[in-house]
A.B. asks: 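Next up is a structure, given as structure tokens.
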Amino acid sequence: MDNSGQVKYIFCMSKYWSTTVKNIKPYTPGEQPKDKKYIKLNTNENPYPPSPRVIEAIRQVTDESLRLYPDPVCDLLRETIAAYYKVKKEQVFAGNGSDELLAFAYLAFFEPAEKPILFAEITYSFYPVYATLFKTKYKLIAVDDEFNVPAEGYYQENGGIIIANSNAPTGRGVPLKTIKTILGQNKDSVVIIDEAYIDFGGESAVGLIDEYPNLLVIQTMSKSRALAGLRIGYAIGSEGLIEAITRIKDSVNSYTLDRLALAGAVAAIKDDAYFQKTRTKIIQTRERISNRLTEIGFKVIPSQANFIFISYPQYPGSALFQQLREKDILVRYFNKPKIDNFLRVTIGTDVEMDKFLKTIAAIVAKR
Ligand code: PMP
């Protein structure tokens, strides 16, 4: 079917769609190209493979065990995560990627059509998608010219708060002291800190969960533990919050994590030496590349993530994105107000980043 045929087909079928489906604007994930080999710096994946112990653990899964359902409460994984973060197993929930956890959290904590939830004007673009899907009102907190989100923005009536720390796509971190102040001002609603990128230099709020029963910290193994392909996310918070998410999970799908994912995830947490080595390497590469880009005239937002957010004053972001793509380098471009002159560039290996640097320097030098 050509594209116009496809459009006509969808139009005819849409009479069967619910109003929810008609009204949603689904999230668009970064491209996973199949046409040729790119230097892929567009989806914040880890450039290094996962710990060899992960592959080893997955190999140990027997065909006999695959015949059986996995553990619906993910006991071993939750115990392993709890021991690592020095919390109780009952304070941990494990799920199929942190996106799924965020969806469960909306259902568990945010009332549809009541007080708006708050999140930053520039942040992870899945938050408004869930809000539309689950009919949650939301209010955007304006960012300043440097993409900082003023804490005072969160001092107003709300039905919940989500803060990505470090923020995406800017890489900006929020100091723990600020998170504490925001928590102190919002004792009656759930505050979710999405720490997908925290291991690349930010200050985690996990240590605050006993002090703030309304705090839910969400992390993922997709970035710092190089397991985007295995789909593992986890939430850490008070037992009451974890029980609420578990009730949602058991009303949607009891077995969100399969046996391979459970085995791999436990091994990933246990190999701390590998985790420390690879995340430190990514941070070092990020700093080196950020400094070089600044020297050649780029604006680089200081990053506490495994990506950088950059712009070149005399070169439109969309054109720069296209030029890089033609030279087989994929980065992420968002055609949205305030950020449409920026590119988000995932930190790759040193070899990949040197090629990126050489290519982008040559492109802007032609101006
Ligand atoms: N939160 C943020 C801020 C992200 O950038 C991402 C990755 N797209 C996620 C959550 C989801 O990650 P995953 O579902 O792979 O755990």
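Being a predicted model, the structure only gives us computed values, none of them experimental. Whatever order the structure lists them in is the order used to number ligands and atoms, beginning at 1.
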A.B. asks: Considering Ile232, Leu230, Asn167, Asp194, which one's heavy-atom position lies nearest to atom 1 (N) of ligand 1?
C.D. replies: Asp194

A.B. asks: Tyr197 near ligand 1, heavy-atom distance under 4.0 Å?
C.D. replies: yes

A.B. asks: Applying a heavy-atom cut-off of 4.0 Å, say which part of Lys223 lies close to ligand 1: side chain, backbone, both or neither.
C.D. replies: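 Only the side chain of Lys223 comes within reach of ligand 1.
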
A.B. asks: How far is atom 14 (O) of ligand 1 from its nearest protein heavy atom, and which residue and atom is that?
C.D. replies: Arg231 NH2, 2.8 Å

A.B. asks: Test: ring pair (Phe, Tyr, Trp, His ring centres under 6.0 Å). Region: residues 212-245. Which pairs qualify, not counting sequence neighbours?
C.D. replies: Tyr85-Tyr234

A.B. asks: So Thr359 and Leu324, side-chain contact (heavy atoms from CB on, under 4.5 Å) or not? Walk me through it.
C.D. replies: CA-CA 7 Å; Thr359 310; Leu324 286 166; 4.2 Å; yes

A.B. asks: Do we see a donor-acceptor contact under 3.5 Å between the side chains of Thr256 and Asn96?
C.D. replies: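 No, no side-chain donor-acceptor contact under 3.5 Å.
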
A.B. asks: Do Phe104 and Tyr130 have ring centroids that are under 6.0 Å from one another?
C.D. replies: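 That pair fails the under 6.0 Å test.
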
A.B. asks: Heavy-atom distance to atom 15 (O) of ligand 1: which of Ala196, Ser222, Ser98, Ser166 wins?
C.D. replies: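 Looking at heavy atoms only, Ser222 sits closest to atom 15 (O) of ligand 1.
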
A.B. asks: Aromatic contact between Tyr138 and Tyr127, with the criterion being ring centroids under 6.0 Å apart: yes or no?
C.D. replies: no

A.B. asks: Do Tyr38 and Arg325 pair up side chain to side chain, a donor and an acceptor below 3.5 Å, judged on atom types alone?
C.D. replies: yes

A.B. asks: Can you tell me the protein heavy atom closest to atom 8 (N) of ligand 1 and the distance?
C.D. replies: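 Going atom by atom, the protein heavy atom closest to atom 8 (N) of ligand 1 ends up being Tyr124 OH, 3.0 Å.
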
A.B. asks: Which atoms of ligand 1 sit under 4.0 Å from any heavy atom of Gly97?
C.D. replies: 14 (O), 16 (O)

A.B. asks: Please check if the distance between the ring centroids of Phe126 and Tyr106 is under 6.0 Å.
C.D. replies: no

A.B. asks: Would Glu100 count as a contact residue for ligand 1, given that I'm defining contact as a non-hydrogen atom of the residue lying under 4.0 Å from a ligand atom?
C.D. replies: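 Contact absent.
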
A.B. asks: Do any nitrogen or oxygen atoms of Tyr127 lie less than 3.5 angstrom from nitrogen or oxygen atoms of ligand 1?
C.D. replies: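 N/O-N/O distance below 3.5 Å does not exist for this pair.
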
